[in-house]
Amino acid sequence: MAINYIYPEFEVIRNDARCIRCQVCERQCANEVHRLDEKRNVMLSDETKCVDCHRCVSLCPTKALKIVNHDCRFRENANWSNETIKEIYKQADSGGVLLSSMGNPKPLPVYWDKILINASQVTNPSIDPLREPMETKVFLGKKPDKIERDKDGKIMCKTPPQLELSMPVMFSAMSYGSISYNAHESLARAARELGIYYNTGEGGLHEDFYVYGENTIVQVASGRFGVYKDYLEAGAAVEIKMGQGAKPGIGGHLPGTKIVGDVSKTRMIPEGSDAISPAPHHDIYSIEDLRQLVFSLKEATEYKKPIIVKVAAVHNIAAIASGIARSGADIIAIDGFRGGTGAAPTRIRDNVGIPIELALASVDKRLRDEGIRNNVSLVVGGSIRSAADVVKAIALGADACYVATAALIAIGCHLCRTCQSGKCNWGIATQKPELVKRLNPDIGYKRLVNLMTAWKHEIKELMGGMGINSIEALRGNRLMLRGVGLNGKELEILGISHAGE
């Protein structure tokens with residue numbers, strides 16, 4: 001008989017005096033934690049299945065439930081944590097690679113929280129964004145190095161293809177399949193109303209969403225799922241995915257259980273078959289190879305759309321970005337190690353890659369030092385959590401930010417970190433019809449609009465406090481940043497001074 005060495009992570013506490021046996025918790029839990037014992041007329045809980053998604057807690061009409069961390073833990077020490085011991089037991093039981101979702105949860109430095117923003121006082125007056133104009137519009141794409149005029153002295157305004165954003169934020173890549181139809185609809189509708197963009201991820205574009213093409217970035221990944229001429233022409237830009245922050249050096253994998261119905265049709269693969277994107281693009285082994293794909297995509301789209309190259313933040317990211325900037329790409333997207341994912345090998349997610357703050361600062365400096373910063377725009381992602389993070393990213397050199405996890409939280413995600421199971425109780429990371437319908441896109445898209453509207457107001461207020469009235473004047477303006485609790489090397493890489501200097 002097999003022994004279960006792992007005690008449940010969570011404890012379901014039910015107030016029996018409040019519980020009315022309505023069985024809402026039983027009907028709402030996709031993990032089958034709750035059930036009614038009819039003989040004893042009592043609700044029971046199988047805590048081994050609980051993922052702390054809070055669905056039952058939120059919908060219990062009498063507030064009879066709460067989920068807490070179980071206090072029965074392994075005997076820990078500084079070297080052997082409860083989590084480490086559990087992971088060994090899991091692998092000893094299964095012989096398999098551990099899979100996890102969402103971003104790196106380790107207590108590594110979050111540099112956004114160690115960077116402060118400067119404010120104007122006497123000599124450089126602040127700006128009131130309610131009464132004075134404040135420009136949040138951003139254009140992404142290659143920029144000219146100098147102003148050119150025609151023979152009559154008029155400025156020549158012809159530039160390569162650009163993405164125009166009403167604010168320096170876009171919704172990052174999340175594929176149809178990893179997230180639900182209703183989640184994708186929420187993102188697409190919000191992007192259109194806000195005047196920004198959302199990214200299809202590597203799963204192709206559902207035929208219903210072609211109408212949002214003007215606000216869509218279509219992605220070409222190593223698996224080439226759903227990629228064909230109409231798909232490339234549908235979007236406002238094309239992104240080549242070389243890597244992502246949650247799993248640098250690793251390809252994508254969507255389990256066959258999620259390849260159903262329209263997901264199969266959109267990805268152009270048989271139902272039930274695993275969608276595996278190889279770690280490398282098998283036609284790209286150098287910057288020269290990448291350049292060939294960049295120009296193949298430009299040719300396919302008649303040079304009307306910017307080409308983005310997305311890479312994970314790794315230790316030599318500055319050199320990589322320099323090569324990409326010379327490849328003909330218009331935009332470089334860099335994804336930090338705290339970036340979310342639907343599924344990644346746990347060891348990769350928690351141990352590979354570097355923080356986006358350090359990657360961004362080193363890339364911006366390298367491109368400026370080489371005199372090629374205007375060749376590309378920089379978009380960064382990997383746990384952009386607030387308007388303050390956006391402002392700090394732009395001051396470090398970014399043109400715009402990708403957000404994904406924050407967007408999912410806005411539409412209901414509770415970060416229970418079980419996306420890979422396909423049993424998302426909030427209708428987001430699932431393809432089960434009975435779960436998908438729990439996310440109402442009419443509500444979801446409005447919540448995204450509300451979130452981004454709030455961030456836009458906060459960005460204006462933060463810039464106003466600095467005495468800056470445009471994103472362009474903020475970009476790369478590191479004088480407006482100060483570090484706290486950082487060592488000399490960290491300050492050097494970030495290119496900022498310590499608070500008080």
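The structure presented is a predicted model; accordingly, all values stated were derived computationally and were not measured. Just so you know, these numbers use all the heavy atoms, side chains as well, and skip hydrogens, waters and symmetry mates. Numbering of residues begins at 1 and proceeds along the displayed sequence.
- Residues satisfying the side chain to side chain contact (heavy atoms under 4.5 Å, CB included) criterion with Lys154, sequence neighbours excluded, are Asp150.
- At most 12 non-hydrogen atoms from other residues, nucleotides or ligands lie less than 6.0 angstrom from CD of Glu214.
- Sorted pairs that involve residues 326-361 and meet ring-ring contact (aromatic ring centres under 6.0 Å, His included), not counting sequence neighbours, are lacking altogether.
- Applying the ring-ring contact (aromatic ring centres under 6.0 Å, His included) test to residues at least two apart or on different chains, the pairs with a partner in residues 378-416 are His54-His414, His414-Trp426.
- In this view, Glu302 and Lys304 satisfy the side chain to side chain donor-acceptor pair (under 3.5 Å) rule, not counting sequence neighbours.
- Looking at residues two or more places apart in sequence or on another chain, you find a salt bridge (charged side-chain N to carboxylate O under 4.0 Å, His left out) between Arg478 and Asp364.
- Within a 6.0 Å sphere centred on NE2 of His315, other residues, nucleotides and ligands contribute 12 heavy atoms or fewer.
- In Glu233, the CD atom is crowded: over 12 heavy atoms of neighbouring residues, nucleotides or ligands sit closer than 6.0 Å.
- Here Ile468 pairs with Met463, Met466, Ala473, Leu474, Asn477, Met480 under the side chain to side chain contact (heavy atoms under 4.5 Å, CB included) rule; sequence neighbours left out.
- Side-chain N/O atoms of Ser100 and Thr346 include a donor and acceptor closer than 3.5 Å.
- For Ala406, the side chain to side chain contact (heavy atoms under 4.5 Å, CB included) partners two or more places apart in sequence, or in a different chain, are Trp455.
- Among residues two or more places apart in sequence or in another chain, the salt bridge (charged side-chain N to carboxylate O under 4.0 Å, His left out) test is passed with Asp330 by Lys298.
- Looking at residues two or more places apart in sequence or on another chain, you find a salt bridge (charged side-chain N to carboxylate O under 4.0 Å, His left out) between Glu370 and Arg326, Arg366.
- Side chains of Ser172 and Tyr198: a donor-acceptor N/O pair is absent below 3.5 angstrom, by distance only.
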>> I'd like to know whether Arg189 forms a salt bridge (Lys or Arg N to Asp or Glu O under 4.0 Å) with Glu193, so could you lay out the CA-CA distance, the side-chain angles of the two residues, the decisive distance to 0.1 Å, and finally the verdict.
In response: CA-CA 6 Å; Arg189 290 171 63 181; Glu193 181 159 327; over 6 Å; no
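- Applying the ring-ring contact (aromatic ring centres under 6.0 Å, His included) rule to pairs touching residues 137-181 yields Tyr176-His206, Tyr181-His206, Tyr181-Phe209, sequence neighbours excluded.
- Partners of Lys142 by side chain to side chain donor-acceptor pair (under 3.5 Å), not counting sequence neighbours: none found.
- By the 4.0 Å N-to-carboxylate-O rule, Asp113 lies too far from Lys392 to be salt-bridged with it.
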>> Using salt bridge (Lys or Arg N to Asp or Glu O under 4.0 Å), reason through Arg482 and Glu501 one step at a time and then give a plain yes or no.
In response: CA-CA 8 Å; Arg482 288 294 184 273; Glu501 287 188 287; over 6 Å; no
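- Using a 4.0 Å cut-off between charged side-chain N and carboxylate O, Lys143 and Asp399 make no salt bridge.
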> Glu472 and Arg475: salt bridge (Lys or Arg N to Asp or Glu O under 4.0 Å), yes or no, with the steps?
Replying inline: CA-CA 5 Å; Glu472 184 61 30; Arg475 181 167 67 93; 3.2 Å; yes
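- The residues Lys310 and Glu202 are annotated as not salt-bridged, no charged nitrogen and carboxylate oxygen being separated by less than 4.0 angstrom.
- No more than 12 heavy atoms of other residues, nucleotides or ligands lie within 6.0 Å of CD1 in Ile147, so this atom counts as exposed by the packing criterion.
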> Asp369 and Lys365: salt bridge (Lys or Arg N to Asp or Glu O under 4.0 Å), yes or no, with the steps?
Replying inline: CA-CA 6 Å; Asp369 288 348; Lys365 182 179 185 301; 2.8 Å; yes
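- For Arg149, there are no salt bridge (charged side-chain N to carboxylate O under 4.0 Å, His left out) partners at least two apart in sequence or on another chain.
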